[in-house]
Amino acid sequence: MKISRTLFPLLLLSPPPAWAAEAWDCRFPGHGGVWQVDGAELVAPPSSGATRFPIVRNTSDALVALTEEFSGRQFEMVVLDRRKQIIKIQLFGLDANSEQREMGNCTVPDMRA
């Protein structure tokens, strides 16, 4: 099969297949699961409620996602460090003037499994 010269550049620009989506298997003390990118959102594992976090920054070395304001004027921020394979979660309670932090280690799951 011969590919025309005008069609070939279009093949190079096509989006990656769905199975190529980014995902991380992150473990915290006592729990964990697979976090994955779905378009412009970072999706928490089903065991954590499958919360969808809008991605606010996505660079080659890190991904930052932040929830919208929810019950009790709280915000949650998730930072995935791609180089160190670390996830950090911070919960900010504005009314209670509180902050909770959690950190875990991640691996990239084998997509062939």
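Throughout, numbering of the chain's residues begins at 1 and tracks the sequence.
A 4.5 Å side-chain heavy-atom check between I55 and V37 finds at least one atom pair inside the cut-off. Residues M103 and I87 are not in side-chain contact: their nearest non-hydrogen atoms beyond the backbone lie 4.5 Å or more apart. Counting only heavy atoms from C-beta outward, the side chains of C106 and I86 never approach each other to under 4.5 Å. A heavy-atom distance below 4.5 Å is found between the side chains of L42 and W35. Contact annotation: the side chain of V79 never approaches that of L63 to less than 4.5 Å [non-hydrogen atoms, C-beta and beyond]. Taking 4.5 Å as the limit, every side-chain heavy atom of W24 sits out of range of all side-chain heavy atoms of V34.
Shown here for G93 and Q74, the closest heavy-atom pair between the two residues is CA-CG, 3.9 Å. Annotation for P109 and A23: closest pair CD-O, 3.3 Å, computed over non-hydrogen atoms. The nearest pair of heavy atoms linking S47 to G32 is OG-O, 3.4 Å.
Around the CD atom of E102, the shell of radius 6.0 Å holds more than 12 heavy atoms that belong to other residues, nucleotides or ligands.
Clustering ILVMFWY residues whenever any of their side-chain heavy atoms sit less than 4.5 angstrom apart, transitively, puts V108 in a cluster other than the one holding V43.
Every residue two or more places apart in sequence or in another chain that forms a side chain to side chain donor-acceptor pair (under 3.5 Å) with R101 is listed here: E99. With sequence neighbours excluded, the residues forming a ring-ring contact (aromatic ring centres under 6.0 Å, His included) with F28 are H31, listed by chain and number. Partners of N105 by side chain to side chain donor-acceptor pair (under 3.5 Å), not counting sequence neighbours: none found.
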- Task: Give the intermediate values and the outcome of side chain to side chain contact (heavy atoms under 4.5 Å, CB included) for residues C26 and L80.
- Result: CA-CA 10 Å; C26 300; L80 272 157; 4.0 Å; yes

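Listed by first and then second residue, the salt bridge (charged side-chain N to carboxylate O under 4.0 Å, His left out) pairs involving residues 24-33 are D25-R27 (not counting sequence neighbours). Annotation: disulfide bond (SG atoms under 2.5 Å apart) contacts involving residues 35-67, sequence neighbours excluded, are absent. Among pairs with a residue in residues 86-109, none fulfils ring-ring contact (aromatic ring centres under 6.0 Å, His included), at least two apart in sequence or across chains.
Residues K88 and D81 are not paired through a salt bridge, judged by the lack of any N-O separation under 4.0 Å between the basic side chain and the carboxylate. With respect to D61 and R82, no salt bridge is recorded, no charged nitrogen being found less than 4.0 Å from a carboxylate O.
Here the side chain of T67 pairs a donor or acceptor atom with the backbone of E76 at under 3.5 angstrom.
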